[in-house]
Amino acid sequence: MPVTPLAPLARTAEHTGLTYIVTGGGSGIGRAIARQLGAAGARVVVAGRTKERLDDTVDLLASQGADALAVPVDVRDAQAVDDLVDRAVDHFGAVDGLVNNAAGNFVCPGIELSPNGWKSVIDIVLNGSFHCTRAVARRLRDQGTGGSILSVIASYAWHGHPGTVHSAAAKAGVLAMTRTLAVELAPLGIRLNCLAPGPTETAGAGAALWPTDQARDQVLSSVPAGRFADPTEIADAALFLLSPRSSYLTGECLTVDGGQWLGKQIYGSRPTA
Ligand code: HXC
């Protein structure tokens, strides 16, 4: 049977001219995704609560020759999110994709968690991701262009983890939202996927999840690969899920965690190099 030749690869150009909104783009994984998108030719709207951090990301993108716009927004505010999408379209002419990366997190035993602590994380992660997804999907529908929506979650969305009941419930909700809307929106050419990073070397995650050397060592010992992820490794996976390279992939979750969630130590000892 004849083999259809593959289209030539143009890795650095695959996002050229496309506009993406990245929430939580002022730091950590969000900033790394924004930078990689910029390096791949995209225009990037970085959204988040702290203007100075967003401006720093825009400056970084500008220094690598990429076009970016900072828009301060709290994703908990649905009207502000609608305004964010309007700003993106006014500035760049269209929007082609979204990265739901904004998150709030801290470790707290469930029975100690206050109702407001629960609500804050659910509002940022689950409600915020829905507000952004809804606003961008409506725009993509009206443009008739299709597009790609990626949500950053965590593997404890499916296996749970002590101290993360608020975040795990919120991220599980985002996964269910993604799978549901992937089916609803596929006929419009809109793809939705999730990315579940393992422990990643960022200031925000470190402060929230491994604030002491002891906690850090404990997290590290849970990763079969024996190290934290670099944010650029997570961003590379994000770019694949956003790009036409994954054009038949929707409603999925890609785990990028050095084997952490599969590597729970129950019997015997962990293999060493
Ligand atoms: C217990 C806490 C708490 C803590 C806050 N709260 N921190 N409870 N332990 N460490 C409670 C407060 O007491 C309050 O409840 C409620 O949460 C809201 O707190 P505020 O500070 O008023 O809320 P807000 O300013 O909206 O801040 C939201 C936040 C905050 C989530 C609490 O931490 C935040 O904005 N974080 C954003 C950055 C972030 O967390 N990055 C980490 C992402 S890393 P009361 O009852 O007192 O009013 C990540 C990685 C996951 O997500 C995957 C890893 C594998």
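One-based numbering, in listed order, for ligands and for the atoms of each. All residue numbers refer to positions in the sequence shown, counting from 1.
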Exercise. At under 4.0 Å between heavy atoms, which part of H166 makes contact with ligand 1: side chain, backbone, both or neither?
Worked result: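 Contact part for H166 vs ligand 1: neither.
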Close-contact set for ligand 1 against [X] heavy atoms, below 4.0 Å:
| X | result |
| --- | --- |
| G117 | 11 (C), 15 (O), 16 (C), 17 (O) |
| S114 | 15 (O), 45 (P), 46 (O) |
| R76 | 26 (O) |
| A154 | 53 (C) |

Problem set entry | Carboxylate-amine/guanidinium contact D96 R43, below 4.0 Å |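 R43 and D96: not salt-bridged.
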For this session: Take D257 and T255, measure what side chain to side chain donor-acceptor pair (under 3.5 Å) needs, and give me the verdict at the end.
Result: CA-CA 6 Å; D257 72 345; T255 306; 5.9 Å; no
Exercise. Can you tell which of S167, S129, C194, P197 makes a side-chain contact (heavy atoms from CB on, under 4.5 Å) with I153?
Worked result: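 Exactly one option meets the side-chain contact (heavy atoms from CB on, under 4.5 Å) with I153, and it is C194.
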Problem set entry | Test applied, side-chain contact (heavy atoms from CB on, under 4.5 Å); reference residue, L241; option that passes from L254, V99, T250 |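 With L241 as partner, side-chain contact (heavy atoms from CB on, under 4.5 Å) holds for just one option, L254.
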Would the distance check show the side chain of [X] and the main-chain N or O of [Y] forming a donor-acceptor pair, the cut-off being under 3.5 Å?
| X | Y | value |
| --- | --- | --- |
| T57 | G25 | yes |
| N193 | C253 | no |
| E112 | P109 | no |
| D123 | R76 | no |
| R191 | S246 | yes |
| T200 | D230 | no |

For this session: Identify which of N116, N105, V219, T202 has a heavy atom lying nearest to atom 52 (O) of ligand 1.
Result: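 Looking at heavy atoms only, N105 sits closest to atom 52 (O) of ligand 1.
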Exercise. So which of Y156, F106, W118 gets nearest to atom 2 (C) of ligand 1, if we judge by its closest heavy atom?
Worked result: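 Result: the heavy atom closest to atom 2 (C) of ligand 1 is in F106.
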Is the shortest side-chain heavy-atom distance between [X] and [Y] below 4.5 Å?
| X | Y | value |
| --- | --- | --- |
| D67 | F92 | yes |
| L126 | V174 | yes |
| L54 | V71 | no |

Exercise. Has E112 got any heavy atom lying under 4.0 angstrom from an atom of ligand 1?
Worked result: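 Contact absent.
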Exercise. Does R49 come within less than 4.0 angstrom of ligand 1, counting non-hydrogen atoms of the residue?
Worked result: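 Contact present.
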Checking a contact table here: which protein heavy atom is nearest [atom], and how many Å away?
| atom | answer |
| --- | --- |
| atom 18 (C) of ligand 1 | S120 OG, 3.1 Å |
| atom 55 (C) of ligand 1 | P197 O, 3.8 Å |
| atom 44 (S) of ligand 1 | A205 CA, 3.8 Å |
| atom 42 (C) of ligand 1 | G204 O, 3.8 Å |
| atom 54 (C) of ligand 1 | L209 CD1, 3.5 Å |
| atom 28 (C) of ligand 1 | I124 CD1, 3.9 Å |
| atom 39 (C) of ligand 1 | A103 O, 3.7 Å |

Counting only non-hydrogen atoms of the protein, does one fall under 4.0 Å from [atom]?
| atom | value |
| --- | --- |
| atom 26 (O) of ligand 1 | yes |
| atom 10 (N) of ligand 1 | yes |
| atom 31 (C) of ligand 1 | yes |
| atom 13 (O) of ligand 1 | no |
| atom 35 (O) of ligand 1 | yes |

